[in-house]
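Read through the structure below, which is laid out as structure tokens, and then see the notes.
In what follows, chains carry the letters A, B, and so on, assigned in the order in which the sequence lines appear, proteins first and then strands, with residues in each chain numbered from 1.
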Amino acid sequence: KAGVTQTPRYLIKTRGQQVTLSCSPISGHRSVSWYQQTPGQGLQFLFEYFSETQRNKGNFPGRFSGRQFSNSRSEMNVSTLELGDSALYLCASSLGGTEGEQYFGPGTRLTVT
Amino acid sequence: GENVEQHPSTLSVQEGDSAVIKCTYSDSASNYFPWYKQELGKRPQLIIDIRSNVGEKKDQRIAVTLNKTAKHFSLHITETQPEDSAVYFCAAFDDYKLSFGAGTTVTVRA
């Protein structure tokens with residue numbers, strides 16, 4: 001089975017711009033979660049989607065949004081980028097049950113200048 | 001919300017020795033506790049997990065224990081090898097969300 005894939009792998013953006021990141025889960029997995037990883041804050045939960053519905057959201061400003069498509073692929077969008085948004089954005093896929101065995105993609109490294 | 005604390009932040013061990021990493025969590029509703037290993041520049045990799053109805057689980061050289069009453073869980077690595085050098089994260093799962101500890105950088109000295 002192919003693993004979780006994320007595109008693009010690297011992005012450089014300017015403050016004020018917006019960005020869209022994509023995640024394709026493992027075949028058969030219906031849940032996609034997004035995490036932000038930074039040296040200072042560690043791994044922080046952004047949101048989780050299952051069957052196109054957001055089931056939980058972390059403590060991030062409204063500039064961070066996401067969605068999931070009927071084929072379980074997910075995108076996250078960050079609008080009005082700030083320097084502090086520079087991070088590794090990881091998505092993880094799981095079957096979606098109540099015990100969350102999650103498998104991570106390689107991440108998208110976002111640099112905001 | 002859930003708060004996961006992880007100790008120590010760094011750990012240096014001699015090859016062949018054991019390594020122990022400890023985590024505590026705050027929310028008694030958390031029911032699943034995975035451990036991830038992240039090598040430099042790579043994705044976090046699930047190495048072992050434990051569910052709330054189990055006290056201990058072992059997989060070759062790694063084992064995890066869970067004490068629900070005390071709300072803490074631990075990772076034990078025996079007979080450490082150079083390839084065990086990485087950052088290890090504990091996490092607690094509740095309400096479709098993983099809350100992570102801050103990570104432990106493990107260095108295995110040859």
Side-chain angles (χ1 to χ4, degrees), chain A residues 2-7 9-10 23-26 29-60 66 68 74 87-109, chain B residues 1-10 21 23-54 57 59 64 66 68 73 86-106:
Chain A
V4 181
T5 58
Q6 291 186 245
T7 57
R9 294 293 311 280
Y10 303 92
C23 172
S24 292
I26 293 169
H29 284 192
R30 295 169 64 191
S31 167
V32 174
S33 300
W34 289 89
Y35 297 87
Q36 181 195 65
Q37 186 174 29
T38 60
Q41 298 298 317
L43 277 155
Q44 294 199 298
F45 172 78
L46 282 154
F47 25 66
E48 188 263 0
Y49 288 89
F50 178 82
S51 291
E52 302 178 67
T53 299
Q54 185 183 90
R55 295 193 295 189
N56 202 345
K57 186 179 191 310
N59 295 323
F60 279 83
Q68 187 180 34
S74 177
L88 180 67
Y89 290 89
L90 292 156
C91 77
S93 83
S94 73
L95 289 170
T98 55
E99 292 173 338
E101 203 169 296
Q102 298 187 11
Y103 299 92
F104 282 89
T108 295
R109 172 72 62 185
Chain B
E2 176 65 274
N3 180 46
V4 178
E5 294 193 355
Q6 183 172 346
H7 299 280
S9 56
T10 62
I21 303 170
C23 290
T24 61
Y25 63 99
S26 61
D27 191 345
S28 56
S30 291
N31 61 358
Y32 170 72
F33 306 89
W35 287 85
Y36 288 86
K37 173 184 180 183
Q38 187 175 29
E39 296 174 80
L40 193 61
K42 298 196 174 179
R43 72 186 77 187
Q45 176 191 1
L46 178 65
I47 57 171
I48 196 168
D49 55 20
I50 192 165
R51 286 166 171 78
S52 59
N53 59 347
V54 177
K57 182 177 178 181
D59 182 4
V64 59
L66 170 65
K68 281 178 57 181
F73 55 114
V87 180
Y88 292 80
F89 294 96
C90 63
F93 181 82
D94 176 46
D95 200 17
Y96 312 113
K97 164 187 173 179
L98 279 175
S99 298
F100 285 88
T104 298
T105 301
V106 174

## Note on the structure
Nearest heavy-atom approach of B:Tyr96 to A:Ser33 is O-OG, 4.3 Å

### Query
Got more than 12 heavy atoms from elsewhere within 6.0 Å of NZ, B:Lys68?
no

### Closest approach of B:Asp95 to A:Asn56 (non-hydrogen atoms, all atoms of both residues)
O-ND2, 2.7 Å

### Toward chain A, the part of B:Lys42 with a non-hydrogen atom under 4.5 Å
neither

### Query
Within a strict 4.5 Å, meaning less than it, do heavy atoms of the B:Phe93 and A:Gln102 side chains meet?
yes

### Message
With a 4.5 Å cut-off on side-chain heavy atoms, are B:Pro44 and A:Leu90 touching?
### Response
yes

### Task
Just do the side chain to side chain contact (heavy atoms under 4.5 Å, CB included) check on A:Phe45 and B:Leu98 with the steps written out, would you?
CA-CA 7 Å; A:Phe45 172 78; B:Leu98 279 175; over 6 Å; no

#### Entry: chain A contact via B:Gln6 - side chain, backbone, both or neither, heavy atoms under 4.5 Å
neither

### Task
State the CZ-OH distance between B:Phe100 and A:Tyr35, to the nearest 0.5 angstrom.
5.0 Å

### Query
Does any heavy atom of chain B fall under 4.5 Å from the side chain of A:Phe47, the backbone, both, or neither of them?
neither

### Message
Tell me if the CG atom of A:Asn59 is crowded by more than 12 foreign heavy atoms within 6.0 Å.
### Response
no

### Message
I'd like to check A:Gln37 versus B:Phe89 (side-chain heavy atoms, cut-off strictly below 4.5 Å). Are they in contact?
### Response
yes

